[in-house]
Structure formats: C-alpha cells, structure tokens
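Structure first, then comments.
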Amino acid sequence: RSANSEKVCRKRGEGRKLEGVCDTVKFIVMSVSKISTQRRKAIYEAYAKKCFNCGQHIDWDNLEIDHLIAEKTHDLKQLLKDYGLPEDYDINDLTNLVPAHSFCNNRKNNTPFGKATYLFYRSLTNQKVALVKSIEDEIAKGLKKDKVISNIAVAIENKDLTLLEL
C-alpha cells in the first residue's frame, strides 16, 4: 500500500473571525483489483467476521481484504515458483484472500511470507473456499429473489398484474 497526501483547505468560522485552515488528508491506495462487495461479504462471513491476522472481530467499516501474496509483490513470478504455484496463478483466488483489519493489513504491507508460513496459511484458506462460494451463492440468490418480489410488487401496485394472474 502506498500512502498519498493531499492538502484540503477550507474556511472555518471561529467566533467572528474566519481563518483558512489547511489539513493534510491521507488516503490509502487500495487494492489494484476490485473485489466485489458480494465477495467481500462472503469472505467476511466465512471467517466469522474475524481478522485472519489477529483473530479479533472486524467491524464492516474497518474490513480490508488482504492478499496472502500481495498484488504488488516484487518479483511475483519468482515468488509463485518458490511457493510451487503456477505462473498464471490468480492473485484474487479465494485461497489468497482473507479478511483483515486495516491496521493488521498495513502492518504486513507487501512483505512476502516464508514458504512454510505461506503454505500453512494457504491450507487454512483452502478450508474456507467452499464456504465462501456457498455464501456468495446465497447472497446472489437472495438478490435475485428480492428483485423478483419487488418487481411483482411494483406490477401489482401499478395494476399491471393481479393476484389471480400470479
């Protein structure tokens, strides 16, 4: 992750006097790739809303999806080879994604794990893949069901459909 800074200036009233205030706002450049909210939610739930790194509860607004193998790993090809993974390994594979507090994720930064540590962590994430996929499917089904029900409700309200026609 890289931190960038930007000056944000605004006028703030203090009594009768207006003064210009400049704050430095830091923002973090997040993941290179976009992980859908649906997938984030499934990962979050599959890991019981706990940080993979420290084991403590994560609030949704503090959730980051951590890559065991960072997206911006220096010499990724060599690291994949060292870990025994194919060159075309998908960095967003479910075995590489875990929930983390932003602090825990930032502390790890892009430092790769040793091979034994990585393989141990990957064995843990392998155990969660089926559950994450199952939760994703349930979320998708729920969204489809809600869409159908809301469309029917609108059609009935607009008198485009009657209960008898259902």
Side-chain angles (χ1 to χ4, degrees), residues 1-4 6 25-73 76-77 79-81 83-113 117-166:
R1 301 215 187 297
S2 61
N4 295 308
E6 182 177 283
V25 177
K26 287 196 174 181
F27 57 96
I28 302 294
V29 177
M30 298 302 290
S31 180
V32 172
S33 57
K34 175 78 172 123
I35 298 170
S36 72
T37 303
Q38 183 173 321
R39 173 149 288 183
R40 289 170 51 83
K41 181 173 173 40
I43 292 168
Y44 180 64
E45 290 183 12
Y47 286 84
K49 302 176 183 177
K50 292 185 179 176
C51 177
F52 184 81
N53 299 311
C54 73
Q56 298 298 308
H57 174 79
I58 309 173
D59 292 323
W60 176 260
D61 60 349
N62 193 26
L63 171 69
E64 289 189 8
I65 301 300
D66 188 8
H67 291 78
L68 294 178
I69 300 172
E71 292 174 290
K72 293 183 177 181
T73 299
L76 179 60
K77 249 182 173 176
L79 187 64
L80 292 176
K81 185 178 178 184
Y83 287 168
L85 297 170
E87 266 186 45
D88 63 346
Y89 177 74
D90 181 3
I91 213 77
N92 288 313
D93 186 87
L94 288 174
T95 59
N96 197 46
L97 303 175
V98 295
H101 291 105
S102 57
F103 172 77
C104 294
N105 191 16
N106 290 333
R107 183 179 60 202
K108 183 185 133 240
N109 205 351
N110 290 336
T111 308
F113 295 111
T117 302
Y118 170 76
L119 293 175
F120 173 71
Y121 286 162
R122 186 177 162 116
S123 73
L124 297 177
T125 61
N126 264 326
Q127 296 172 22
K128 298 288 186 181
V129 170
L131 180 57
V132 171
K133 287 181 178 179
S134 171
I135 293 169
E136 276 186 303
D137 290 346
E138 288 302 312
I139 292 168
K141 285 177 192 171
L143 293 173
K144 288 176 187 170
K145 179 182 170 190
D146 287 348
K147 185 176 181 180
V148 168
I149 290 171
S150 65
N151 284 339
I152 291 171
V154 168
I156 290 171
E157 186 176 296
N158 291 338
K159 299 184 185 346
D160 295 330
L161 183 67
T162 67
L163 291 176
L164 283 174
E165 292 173 313
L166 281 175

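Of all heavy-atom pairs between Tyr89 and Leu80, the closest is CD2-CD2, 3.8 Å. In plain terms, the two heavy atoms of Asn110 and Ala70 that are nearest each other are OD1-CB, 3.4 Å. In plain terms, the two heavy atoms of Tyr44 and Asp59 that are nearest each other are OH-C, 3.8 Å. In plain terms, the two heavy atoms of Ile135 and Ala42 that are nearest each other are CG2-CA, 3.5 Å. A pairwise comparison of heavy atoms in Lys50 and Ile58 identifies C-CD1, 3.7 Å as the closest pair. Closest non-hydrogen pair, Leu97 versus Ile91, comes out as CD2-O, 4.2 Å.
A donor-acceptor pair under 3.5 Å links the side-chain atoms of His101 to the main chain of His57, judged by distance alone. Without hydrogens or angle criteria, Arg39 side chain to Lys133 main chain gives no donor-acceptor distance under 3.5 Å. A donor-acceptor pair under 3.5 Å links the side-chain atoms of Asn96 to the main chain of Leu68, judged by distance alone. For the pair Gln38 (side chain) and Glu136 (backbone), a donor-acceptor distance under 3.5 Å is present.
Within the model, atoms CG of Asp93 and CG of Asn126 stand 8.0 Å from one another, a figure rounded to the nearest 0.5 Å. For the atom pair Leu143 CG and Lys145 NZ, the distance stands at 12.0 Å (nearest 0.5 Å). Atoms CG and SG, from Leu63 and Cys51 in turn, are 9.5 Å apart once rounded to the nearest 0.5 Å. Thr95 contributes atom OG1, which lies 15.0 Å from atom OH of Tyr121 (distance to the nearest 0.5 angstrom). The CD1 atom of Ile69 sits 7.0 Å away from the CG atom of Leu76 when rounded to the nearest 0.5 Å. Note: Thr162 OG1 to Leu164 CG = 5.0 Å, rounded to the nearest 0.5 Å.
Within the 4.5 Å cutoff, no side-chain heavy atoms of Lys128 are placed close to those of Leu94. When side chains are defined from C-beta on, Phe120 does not count as touching Thr117, because their heavy atoms never get closer than 4.5 Å. The side-chain heavy atoms of Ile65 and Val98, taken from C-beta on, include no pair separated by under 4.5 Å. With contacts defined as side-chain heavy-atom distances shorter than 4.5 Å, the pair Phe113/Leu119 does not qualify.
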**Message:** Is there a side-chain contact (heavy atoms from CB on, under 4.5 Å) between Thr125 and Tyr47? Walk through the geometry before answering.
**Reply:** CA-CA 9 Å; Thr125 61; Tyr47 286 84; 3.4 Å; yes
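His67 and Asn92 share a donor-acceptor pair across their side chains, judged by distance under 3.5 Å alone. Asn62 and Ser102 share a side-chain donor-acceptor pair at under 3.5 Å.
Around atom CD of Glu87, no more than 12 heavy atoms belonging to other residues, nucleotides or ligands sit under 6.0 Å away.
With sequence neighbours left out, the ring-ring contact (aromatic ring centres under 6.0 Å, His included) criterion links Tyr118 to Tyr83.
Under 4.0 Å is where a charged nitrogen must lie from a carboxylate oxygen, and between Lys49 and Glu45 no such pair does.
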